[in-house]
Every structure is written in C-alpha cells, then in structure tokens.
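For reference, the structure is listed below as structure tokens.
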Amino acid sequence: MSPYLFVLVAEGLSALINIVVSKGDIHGIQIFRGTPKVSHLLFTGDYFLFYRATLTEVTNLMGLLRSYAEASGQEINMTKSEVFFSHNICRPAREDMACIMGVHQVLGTSMYLRLPSIIGRSKKANFAFIKDHLLKKINSWRGRSLSKAGKEVMTKLVLQAIPSYIMSDSVILDDIMKDIKKMLNCFWWGGINTNKGVMWLAWEKLMYSKKEGGLGFRDFNMDMVTKQGFHMMTKPKMLVSKVFKARYYPRSSFLEVSLGNNPSFVWRTLWRSRKFLTLGCRWSIGDVSRIKVMSEPWLRGMNKVAWEVLKGKCVYDINVDNVRLTNVKQWDVQEIRDVFTHDVANDILKVPLLEDVLEDSMVWKEEQNEVYRVKSSYWLLRSFQTNRLICREEGDWGSLWNIKAPPRAKHLLWRIFRGCLPTRKKLRQHFVQCTPNCQLCENSEEDECHVFFGCGTTNQSWRETGLYSNIEPCLNNFSDVNALILDICSIKDMRNAGRVAVLIWMIWNNRNNAIWNNDREEASKLGMQAYHT
DNA sequence: GAAAAGGAAGTAACCCGATT
DNA sequence: AATCGGGTTACTTCCTTTTC
C-alpha cells in the first residue's frame, strides 16, 4: 500500500484513540508531571500504543482495535505485535493480559527502526551492531577493484552514512568509534581481496580537510546530536520538545539547565550539545523578551558569554527587557552605559532590535537562512579545536585538488605529496621485503623521482606528450619530487597541469601493470593516451 | 623502525533501585 | 523530588606485542 494511504488510515486510528482517551476509557502514559500524556505514536506502518496495564483498559483497547479493523478493512496481525510491560506488573498479570490480546511479551531488548529501543548499561554491546553493518557493507564491496577516488566516494556516501542514523541522537562510544575508524582505515589502504596492507596514514590524518592536506573524511556525530538540541529550542511545539522540557527544564531554558536527576541516555546526549549550541546560536530579540542577560548567548561577535560587569550586584537576574525602553523597540542607552563596562555596552548596542521579530527566537548564526546545518556546525566546532591535535600539513593543497584531471589522478598526486606511494624505496623503509631496484629498467633504486622522471620509458613518454619542455627546467631546479610536481601544478595553464597529472597517473598505472600483470605499454602509446584524455 | 593493536590496572562515570 | 550507594561499565594511561 502506498505510504500516503497508510497515513490517511492511521489518521483514522489516531482520531479513534483520541475519542476513547477523552472519554477516559484508556489512559496514555505520562512520564513525568507536566509532560503531555502520550497514548499513541504512529510511524508509517508501525503503531505504538501506550495504556495502563489493567484488564478494563486492555479490553477497551481490543474493542477499539476491532472496530478500527472493521472500519478500515485493515487486519491487525497480532502475531507480529508485541507487548512490553513495566517492571511493577507481576508475572501472572502480564501473562493474562498478553493472552487476552494474543500477542507476545518482549523484554524490551528488541530493535525498532534499527535502533535499540531500550539502552541499558552495556552500551558497548547495544551499539556493537553498527560494526556488523559496516563490516557487511565492506565485505560486499570487497573483490571489486576500486580506485582510491572510488573508495573515497564509497566511504563518504555509503560507509559513513550507515552510522549516521544512529549518530543523530546518540553519541557513539569512543571504543566503537575507534573500531569504526580502524575498519574504514583498513578498507581505505587495503588491497582488493584483503583489508590488510601498510596503513600509510592514520585515519585522523585523513580526516583533515582537503585544504589541510587530508581527504576530508568527517565525524559528524556531535554535530548531528546538536541538531536535535537546536530543534528542541526552536520548535517548542513538537511533542518531543514538550516532553523533554517538562521533564528536564520546566522553569528554565535549555541552555542554562543542569543535568538533573536520573537523566536518560538521550537527555544526557542532548544536554552535552548545549555547549556546542552556544558557540553558534544567537537569540533574535522579540517584542517581549525573557532572555537572561548573563547566561544566554545573544550578543553578536562574541565567543564567550560571560563578561566583566561594573555594578555586578544583580545582573544575573535581569533580562534583556530591563535594558530596553518600554513601548519602543530601542535600547536604553543610559541604563546600558550605567550597568556594563564600556566594551560590553558597545557590544550590546550593536545588537539589532528588529521590528519584525515578534517573539524571542533562536537562530544559527553560521548560515544565511539562520537554520542549523550539520556542515557549518562541523567547521565551527573544528575551528575551536584547532589548538589541539589538529594542525594542517604544509603545502599548497588547494591547487592540487583544483587541477582539471580525473579524481584518480589527483588522488595519486595526493599520495605522492603525502609520501605514501608504495615505491620500492618506501616499502623498504617500512621493512617490507622486496628488491630495491626499479622493476622496469632494473638499473637504479626505485624512488618517486626515478619512477616519474628518471626511468627510460617514462622519460620518453614525457617527450611524446610534448610536456617535456615544461618539466625539463624544473628537473634541474628541484631535488624534491613534491616541490617539482607542485611547481608544475601551480602553472597558470590548468589544462597542462591536468595533462601532467594524467600522465603521472598513466606512468604509475603502467608500472603496476608491468609488475603485477606483466603487461607493459609502449612509451609512445602512453603519451598519446595521456594527451587525449 | 614506527605505528597500530592489545593488555592490565586504576579511576571516573554511569545505571538503577532504595530511601526519605 | 532529590539524594545515596552498590555494583558495573567505560575511559585513561602506560606498557608490551604485533604487524607491515
């Protein structure tokens, strides 16, 4: 059945339930005083019904479901349904009621929408399934030979998307995260049939952005969680927002509340996102404002919320309304200058009071449309972490990725720059047993310089393409391959740079074919191919 | 030889029920 | 509603082993 029909029919069920609830025949559950009573949650074909575990309510519910089935013509499959009882219902009572309804009892350990429905103490075990998913996916792709560029797409679009669903409302444990990164790194550096191989770079270094010399793999976990926090603040009318607000911060705002007692796992996660929200969120001030001056982020262009105060006696109690003229939407300049230090006062006066903002509303300052985006949040958080481990690798990485060449060629250049191209010399440095000499000419040691510029065949192919005139002067000036290639890539003519990149890739490809498949191309042919790509 | 992985042990955090 | 404590689980740190 089409999903739309499902929704239409479900509306009917929802209405039915509402009627019965309002008559008092069935009571929804309330997890806390002040939270809305929830009697049902519907998600496409899945229905969650909540009610008291008494015989009358059970029979009422069954009657309701029967009339729904008759009216809609939809059979409810009781064998596929499950019931979960609270701990304080004794065993015989549970069995009786389950029997009346004709459904299984569950312990609550099952999964719903690919998420564990109850998260207990051993989260490691609860979330271990993520690793299985990933492993399956990787295995299903093993055996196909993917270029590094292909693997990049695969990793970014497929593999990292698997945990993202779970990541959107729970922070994955470090241990599991470590394993995931390990798996991805193995996949990245591994060969066709095996995930083994020299891991030339740690995953953390691949997570640098492309401009910083990495490949831009990301970990969005915290940012996705923060998105939920943003929703919680900006959409107070959503059911979840209401429930969480009533349970955890009934009298204060989301940003200033303490963790509270008996916090749930999800609340813990949301709660942690506050400090990241304060980095990118700003209040837009409405007509009547309850924003507390000291504890809420509402100033523009300030990284810290706290500041120095002149007459600091009760600033913690005042809100924005107190430093504003009544009736007119303007700052009370006199008052502000009296209470705050000079700099702070200037900052305050810079905050615009917009006529068309009626109510206080939270906006995301990193985006034009002021709506939270995981992407901008990621860069924001990262910019705050720069003083820690994250530092960029030296080099002009921008020009590398801007070259007009197929991605596979650019990836090869990147590997050369990063010093992780498995030439014989490099392999021996990593203590892999192999002969040191070039496999094509067997004259000299195989290092990058020799492969791409020194070897007889390659030299010839440079001439064939007519690019030799470009690189010849460089050969004498630079001793370092990186600097040489970089110089060629930064020449104005992007088409030429692209040709150089392609030819380099063809040379490397030819070398690999020669070594592994004993299949060697003529230099002239290489040159021609590179020229016409 | 270097980096990653594994192990052990001590410490912090957490869950959850009991208590008032 | 809030706090406390017992028992687990997770994290940290340091060290050794393994792998290429």
Side-chain angles (χ1 to χ4, degrees), chain A residues 30-35 84-90 107-109 116-131 134-135 166-167 169-208 213-214 217 219 221-222 225 243-252 257-275 388-389 391 393 415 418-436 446-447 515-516:
Chain A
Q30 189 177 28
I31 58 159
F32 202 73
R33 71 176 63 152
T35 59
F84 171 69
F85 288 103
S86 155
H87 285 298
N88 47 17
I89 311 292
C90 62
L107 299 169
T109 47
S117 41
I118 290 185
I119 298 165
R121 216 176 305 187
S122 59
K123 283 183 266 300
K124 222 171 177 172
N126 264 322
F127 288 103
F129 70 95
I130 305 169
K131 291 192 282 187
L134 270 180
L135 205 58
I166 297 110
M167 281 180 176
D169 53 13
S170 36
V171 176
I172 293 178
L173 301 181
D174 280 1
D175 256 19
I176 292 183
M177 211 58 216
K178 226 182 274 171
D179 284 357
I180 290 177
K181 284 175 181 170
K182 189 169 74 187
M183 284 160 67
L184 291 178
N185 211 7
C186 285
F187 169 70
W188 178 257
W189 295 111
I192 296 167
N193 289 312
T194 157
N195 274 347
K196 284 181 184 170
V198 180
M199 290 189 221
W200 298 87
L201 280 178
W203 189 252
E204 296 298 326
K205 297 203 168 161
L206 297 181
M207 283 178 68
Y208 291 4
F217 293 123
D219 171 11
N221 204 164
M222 205 57 227
V225 168
V243 171
F244 273 98
K245 179 163 176 56
R247 169 66 178 87
Y248 292 108
Y249 53 105
R251 275 178 297 280
S252 55
V257 76
S258 66
L259 185 56
N261 57 307
N262 253 351
S264 76
F265 176 68
V266 174
W267 172 248
R268 257 171 220 284
T269 344
L270 284 173
W271 188 75
R272 270 205 271 174
S273 77
R274 297 167 317 137
K275 77 171 176 207
R388 292 200 326 183
L389 275 171
C391 51
E393 291 292 322
R415 278 199 284 166
R418 270 329 224 117
C420 38
L421 199 67
T423 57
R424 295 287 143 139
K425 190 182 172 190
K426 278 269 156 53
L427 282 172
R428 284 174 71 85
Q429 279 172 2
H430 278 258
F431 294 84
V432 178
Q433 298 293 320
C434 61
T435 52
E446 189 198 51
D447 61 4
I515 294 178
W516 304 112

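In the text below, chain A, chain B and the rest are named by the order of the sequence lines, each starting its count at 1.
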[X] [atom1] to [N] [atom2]: how many Å, rounded?
| X | N | atom1 | atom2 | value |
| --- | --- | --- | --- | --- |
| A/D175 | B/dG6 | CG | C1' | 12 Å |
| A/F187 | B/dA4 | CZ | P | 19 Å |
| A/N185 | B/dA3 | CG | P | 13 Å |
| A/N262 | B/dA18 | CG | P | 13 Å |
| A/W189 | B/dA2 | CH2 | P | 19 Å |
| A/K205 | B/dA2 | NZ | P | 13 Å |
| A/L259 | B/dC14 | CG | C1' | 11 Å |
| A/L173 | C/dC11 | CG | C1' | 10 Å |

Inset, instruction - Return the minimal non-hydrogen interatomic distance between A/M183 and A/L135, and the atom names on each side. - result: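 Nearest pair, atom of A/M183 first, then A/L135: CE-N, 3.5 Å.
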
Inset, instruction - Search all heavy atoms of A/K181 against all heavy atoms of A/D219 and return the closest pair with its distance. - result: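 Where A/K181 meets A/D219 most closely, the heavy atoms are NZ-OD2, 4.3 Å.
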
Inset, instruction - Using only side-chain N and O atoms of A/K182, determine if any of them is under 4.0 Å from OP1 or OP2 of B/dG6. - result: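 A/K182 to B/dG6 OP1/OP2: side-chain N or O found under 4.0 Å.
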
Inset, instruction - Taking only the side-chain nitrogens and oxygens of A/R428, find out if one of them lies under 4.0 Å from OP1 or OP2 of C/dC20. - result: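 Answer is no, no contact under 4.0 Å.
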
Inset, instruction - Could you tell me if the ring centre of A/W188 sits under 6.0 Å from that of A/F217? - result: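 Aromatic pair counts; centres sit under 6.0 Å.
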
Inset, instruction - Decide yes or no for A/W200 and A/R415: does some side-chain heavy atom of the first lie under 4.5 Å from some side-chain heavy atom of the second? - result: no

